[in-house]
Amino acid sequence: MVRYEELVKDPIVREKQILALWQQQDTFAKSLEQTKGGQHYVFYEGPPTANGKPHFGHLMPRVYKDLFPRYKTMQGYYVPRKGGWDTHGLPVELEVEKEIGVNSKPEIEAYGVERFVKRCKESVWRYKADWEDLIERMGFWIDEKNAYVTYTDDYIESVWWELAQMFDRGLLYQGHKVLPFCPRCGTGLSSHEVAQGYRTVKDPSISVRMLISGDEECSYKQELPGKTALLTWTTTPWTMPANVALAVAPGATYAEVEQNGERLILAKALLGQALEGDYEVVRQFLGKELVGLRYEPPYLLVSDARAYSVHAAEFVNMEEGTGIVHIAPAFGEDDYQLAQEEGLPFFQPVNLSGEFTKEFPLCSGAFVKEADPLLIDDLTKRNLLYRFVLYEHEYPFCWRCDTPLLYYAMDSWYIKTTAVKDQLITNNHQINWYPAHVGSGRLGDFLANLKDWALSRDRYWGTPLNLWICASCGKVIAVASRAQLVELAVEKKLASTVEFHRPYIDAVELVCGECGNKMQRVPNVIDAWFDSGSMHTAQWHYPFENTNEFKDNFPADFICEAMEQTRGWFYTLLATSTIIHGEAPFKNCIATGLGLDESGLKMSKSKGNVVDPWELIDVYGADCLRWYLYSSSAPWKSKRLGEANVKEPLYRFLDTLCNTYNFFALYASIDSFDPMKHQSRQQQLNVLDNWILSRLSSMVNTVTRGLDDYDVVSATEAIESFLEELSNWYVRSSRRRFWKGGMERDKIAAYTTLYRVLISLVRILAPFVPFITEAIYQRLRMVGDPESVHLCSYPKSEDGQIDRDLELAMAVARQVVSLGHRARNRAHIKVRQPLRRILLDTNLPLTEDICCLIEKELNVGKIEQVPTVEAYLDKTLNPNFATLGPRLGVRAKMAAAWLETQSPESLVKAFDARTSIDAQINGEDIEIRKEDVLFETVPPKGFLIAEEGEVHVLLDANLSDELREQGFIREVMHSIQLLRKDAGFAVSDRIILGYETDQRLTDLITKHRETIAAEILAIDLVSKLEQKYEYTGELTIDTSTITFGLSRTDKS
RNA sequence: GGGUCUGUAGCUCAGCUGGUUAGAGCGCUCGCCUGAUAAGCGGGAGGUCCCUGGUUCGAGUCCAGGCAGGCCCA
């Protein structure tokens, strides 16, 4: 006795059971154990930070991060999947600041750096449990037990080793550059961090008069008495006090205008937008004529003689402002550059907290943005302000704390990535990017305009920069290991145990090799992106140990993260690996798109439209969400995560799979089918069996090809259409084979085939939807099979099984059936009403077996294949531009017009004899070939036609009495079956049927009583309703009514 | 301002190297079929394939220029 347990429909119940099973059997570990000797397939985990809850942005890449390792594992590769956690950096510090209620670096210092750092270390794991829950519930298999953690001393030691190499090769240098700077966090931001925080904001934009004070060295001459002003413009009024110069575009035209009795100078192209009200152009000249002109600044704070004159600069644009740019070298990259070139003074009236110093008393102590109104007020009073408007533009904000960034000239350590630019570009070309434009466009563009990597951060919680400087001789060294640290340390004992974090490491002093004096570590920590970007090496604590693990796992075959990691993790991995190992650290990379809300908008906290993954998982299940993400569109396309979209695969795909299994389970249990015992030989399979097995192998080929190409969508499409064919054609057409009594060869063939297909299908699907496939597998597996579907091998195509002709024939058959239904539908003839015959073209590749299927499905007596159905049809014609066009060119339209005038019959006749005819068209001889004409057809009387492409179906709809009688019997049987179902009888229950109706129908039923009885499993048919029945019902045909009574019986 | 992607039915998306009347799924609607099915099948409604030019006998497809949206960068 073999029983196949029914599969519960509720996905949540199902999946929870499976989770328990995996845990109990430790299936993931087993899958690694059994592939240990296999070839490595290397996956790198992009480390998340566990100090925030996981959301869809993490989930979308992770479904692919799970799919490919599972797939490769089933193919026999060894895919260890070492987890990882990103633990350093500003985000962590910010969380802690919030917690302890501080808001600035001095407050942190007051709180105590050690206490602070300790809290950071704890904070990193705040949401670890949330992450673990989600990872487990989604069926993501990743080795978290051996995960790398970026804050460990081992990890840091490897990072130091990398940095020391860079330093020794001269790739680490201290620079003085204008950096985007967060005054609240007190640190500069790297370009990839700045990129995260651009927002459109309205800022005050002001136009300010700079009164001309002299023109000694300038070609521009003031001819009129009185003051003329240069009109300058800025969106950051607070930078005005730091003004030391003005810049103009030398080649552009400027104008002096008169307005309300005053003279203003500005770019001619910007007159319209920069000036208010009427004005008169007094004269025009080129920008270079203004160079050298001296002016009175609004705040005369610098006594340097070089200050306060006009300079030429290429960066001055004519799109906004006045074409006269205010230069504050302390607050702008371009400004700083120009100041360097022109030898201008540098004035910095703002401290690192973004507050004005005493050097500018008017606003002393005020935060820069708060100083704006004070300055505007002051300028207005002094009649220097020409105009004030709110101006909408993109401005960078700190990506974590949302404070507006200031551009600020400061010291910083840089990695000279520009020195390896060519190699970065070469290595980038070695990577297969999905989609390709990430590599060629987004990253390629970034690399083409590469800037050095601003590495240092003036913060506390991070990998400490491993540079020590000698206070007396200025020597700098980069420590490459703990061993070296101990070797050079003043206090060796301390150095041998010290934790590699601030403040502990700050206490370690080294002895200078040059002069013997003490060396101090620089105060900085490094950009946390360098940590995660070093994982290819540091996850193994290479080169200090695990040399083999490193070699076996470099480079990665596959990584996948969200698209915004392009200039984040993707870049930092590539940059560190290129410098340290000389090659790209990964071969294939999928960049995933954004998660959108129901209406297609980006999810964001401020909009309050963030979809919680749990809301979907708890209702529709992990499989459903996974399949939705895999199948809805390419990974890099953004996905709508509204319920309506996400739930679709559940009933369309997963339920169909479930139903198909349950169909098998129902009958295979009744018949106690045992795949070990009931073997079926190849030659006993019927056409449907051979067809579905051929389709199975073809599908495996498509899926494998797709996955090998990282093309997930074509794989899911192939599986979806296969399941459709399995459920709606194979099972549907095979049903009668399963209902027969006994265990004949054909029935065994059907069971064997369906069993084989199901067990292959769940193996194919296992990497995609690990739960439902496991559930089905557990119900199907036999003694000796692996204990989990995830321990099975991935199915390979049995190419010998593929029969392309058969697949084609079956596709045509399905089309014929579909067309037949269409024809019936149009004529309102039910499928239950048998028809005499159907006419098909003989050129259709249909075998007898297949014709038989069509006859059953369409309920027609027989199929007649005729040389061409067209012979039975009336015709109309159309010109075939596909052949006319290439041959005749412009004359194609003439030929087409001529064809319209011809009668179809005469052309058919003409082409019977020849393959081409010569036509006289507008005085030209034009050859018309057979293939130039496309004939359309109209069916004769009493026939129904439907056609599609090359397939024409002609149904003979003339009904004889006999056909009507058969139709009636089918109607009777159908309605009794419905009653059985309504009554809740089991499919195998035997019944006694009573009925009552008029004499004519009674005679008919009596005549066909055996057919009816067999079909409805009736032991007896009684033409009276005397006794009490368990269930009764009625059927009305034409004007007659039949009343039925049904009772179950033990007799057989 | 630069890079890049996208724009096809109410929604989600196909549409290969140009080829007759542009497709699928979901949704709507009418009908059918059902001894696994919350299913399936068929009909119907629903499209200026973002716009404008160009190449071509022929453009959703190729080219150019716009427009709109997204992302990335300045």
Side-chain angles (χ1 to χ4, degrees), chain A residues 6 9 191-192 194-196 198 317 319-320 333 394 396 435 437-438 440-446 448-449 563-564 566-567 591 593-594 596 598-602 628 631-634 636-640 642 644-645 647-653 655-656 658-667 713 717 720-721 724 727-729 731-732 735-736 738-739 814 817-826 828-832 857 859 878-896 934 936 946 973-974 976-978 980-981 985-989 1015-1017:
Chain A
E6 194 185 351
K9 270 284 174 60
S191 52
H192 33 267
V194 178
Q196 314 262 345
Y198 273 90
N317 73 54
E319 269 122 36
E320 53 188 11
E333 201 174 340
E394 298 269 291
H437 61 79
V438 169
S440 59
R442 197 171 281 223
L443 185 62
D445 183 47
F446 181 69
N449 301 299
M563 185 83 77
E564 61 259 28
T566 304
R567 293 174 201 196
L594 256 65
L596 307 175
E598 186 118 43
S599 45
L601 294 170
K602 184 178 176 170
Y628 171 71
S631 65
S632 63
S633 58
W636 50 89
K637 298 222 173 165
S638 51
K639 306 236 174 5
R640 292 197 186 190
N645 294 318
K647 72 180 181 189
E648 202 197 308
L650 184 62
Y651 49 84
R652 200 196 69 234
F653 181 71
D655 278 359
T656 305
C658 191
N659 291 333
T660 307
Y661 165 77
N662 279 339
F663 172 85
F664 171 83
L666 176 63
Y667 291 100
V713 175
E717 272 173 5
E720 285 193 354
S721 47
E724 193 276 336
S727 170
N728 290 321
W729 191 247
V731 172
R732 180 186 162 88
R735 276 180 301 201
R736 289 193 166 265
F738 295 98
W739 300 338
R814 291 200 71 181
V817 169
S818 167
L819 290 171
H821 282 145
R822 185 190 298 181
R824 276 179 172 274
N825 207 305
R826 281 184 190 153
H828 302 292
I829 300 173
K830 292 181 181 183
V831 180
R832 277 198 296 277
E857 198 61 31
N859 197 15
N878 271 321
N880 182 7
F881 284 100
T883 58
L884 285 169
R887 203 174 77 245
L888 299 179
V890 270
R891 295 181 303 164
K893 281 183 180 156
M894 284 159 52
L934 298 165
E936 224 179 300
M973 294 189 299
H974 168 65
I976 296 167
Q977 298 289 28
L978 286 184
R980 285 186 58 121
K981 207 175 177 183
F985 293 176
V987 292
S988 51
D989 284 338
E1015 183 72 13
I1016 62 166
L1017 298 184

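A, B, ... follow the sequence lines: proteins, then strands. Residue 1 opens every chain.
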Please write out the pairs of protein N or O atoms and N or O atoms of nucleotides 2-4 of chain B separated by less than 3.5 Å, giving the distance to one decimal.
residue: U4(B); atom: O2'; partner: H437(A); partner atom: ND1; Å: 3.1

Exercise for the section: Would you check, one step at a time, whether the test side chain to side chain contact (heavy atoms under 4.5 Å, CB included) holds for N728(A) with R814(A)? Expected result: CA-CA 10 Å; N728(A) 290 321; R814(A) 291 200 71 181; 4.2 Å; yes
For [N], the Watson-Crick or wobble counterpart (both distances under 3.5 Å):
| N | result |
| --- | --- |
| A64(B) | U52(B) |
| G40(B) | C32(B) |
| G47(B) | none |
| G1(B) | C73(B) |
| C26(B) | G10(B) |
| G58(B) | none |

Problem - Side-chain N,O (Y667(A)) to OP1/OP2 (A36(B)) below 4.0 Å - result: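 For A36(B), OP1/OP2 do have a side-chain N/O of Y667(A) under 4.0 Å.
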Exercise for the section: Answer yes or no: does a side-chain N or O of T656(A) lie under 4.0 Å from OP1 or OP2 of U37(B)? Expected result: no
Exercise for the section: Start with the C-alpha distance between V817(A) and W729(A), add both sets of side-chain angles, then the distance that settles side chain to side chain contact (heavy atoms under 4.5 Å, CB included), and finish with yes or no. Expected result: CA-CA 11 Å; V817(A) 169; W729(A) 191 247; 3.8 Å; yes
What is the nucleic acid contact for [X], judged by heavy atoms within less than 4.0 Å: base, sugar-phosphate only, or nothing?
| X | answer |
| --- | --- |
| E724(A) | sugar-phosphate |
| N728(A) | sugar-phosphate |
| R735(A) | base |
| S633(A) | sugar-phosphate |

Taking the same atom, [atom1], in [N] and in [M], what whole-Å distance lies between them?
| N | M | atom1 | answer |
| --- | --- | --- | --- |
| U17(B) | G1(B) | C1' | 37 Å |
| U12(B) | C32(B) | P | 33 Å |
| A59(B) | U52(B) | C1' | 14 Å |
| C49(B) | U8(B) | P | 11 Å |
| C26(B) | C41(B) | P | 8 Å |
| C73(B) | C13(B) | C1' | 29 Å |
| U20(B) | G10(B) | P | 23 Å |
| A38(B) | U34(B) | P | 15 Å |

[X] [atom1] to [N] [atom2]: how many Å, rounded?
| X | N | atom1 | atom2 | value |
| --- | --- | --- | --- | --- |
| F738(A) | G35(B) | CZ | C1' | 13 Å |
| K9(A) | A36(B) | NZ | P | 13 Å |
| E720(A) | U12(B) | CD | C1' | 12 Å |
| E564(A) | C73(B) | CD | P | 9 Å |
| N859(A) | U34(B) | CG | P | 9 Å |
| N659(A) | G40(B) | CG | C1' | 11 Å |
| W729(A) | A36(B) | CH2 | P | 17 Å |
| E717(A) | U12(B) | CD | P | 17 Å |

Handout entry: Proximal nucleotide (of A14(B), U37(B), G35(B)) relative to the K637(A) side chain
Key = A14(B)
Handout entry: Candidates A38(B), C13(B), A36(B) - which lies nearest the side chain of F663(A)
Key =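 Minimum distance to the F663(A) side chain belongs to A36(B).
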Exercise for the section: Could you tell me which non-hydrogen atom of T660(A) sits nearest to which non-hydrogen atom of V731(A), and how far apart they are? Expected result: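 Scanning both residues completely, I find the closest heavy atoms to be CG2-CG2, 4.0 Å.
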Practice task
Determine whether the aromatic ring centres of F664(A) and F738(A) lie less than 6.0 Å apart.
Solution key: no
Exercise for the section: Please confirm whether the backbone N or O of E724(A) pairs with a side-chain atom of S727(A), one donor and one acceptor, at under 3.5 Å? Expected result: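 Not confirmed, S727(A) side chain does not pair with E724(A) backbone.
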Practice task
Check whether more than 12 heavy atoms from other residues, nucleotides or ligands sit under 6.0 Å from atom CD of E6(A), and answer yes or no.
Solution key: no
Practice task
Decide yes or no on side chain to side chain contact (heavy atoms under 4.5 Å, CB included) for Y628(A) and K647(A), but give the supporting numbers first.
Solution key: CA-CA 8 Å; Y628(A) 171 71; K647(A) 72 180 181 189; over 6 Å; no
Practice task
Determine whether the side chains of N662(A) and K9(A) contain a donor N or O and an acceptor N or O closer than 3.5 Å.
Solution key: no
Problem - Minimum side-chain heavy-atom gap V713(A)-K637(A) below 4.5 Å - result: no
Practice task
Find out whether S633(A) and K639(A) are in side-chain contact, i.e. whether some heavy atom of one side chain is under 4.5 Å from a heavy atom of the other.
Solution key: yes
Exercise for the section: Using the closest heavy atom to pick a nucleotide of RNA chain B for each, name whichever of D655(A) or L1017(A) lands nearer the 5' end. Expected result: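 The residue closer to the strand's 5' end, by nearest nucleotide, is L1017(A).
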Handout entry: Pairwise 5' ranking along RNA chain B for S638(A) and M563(A), keeping only the more 5' one
Key = S638(A)
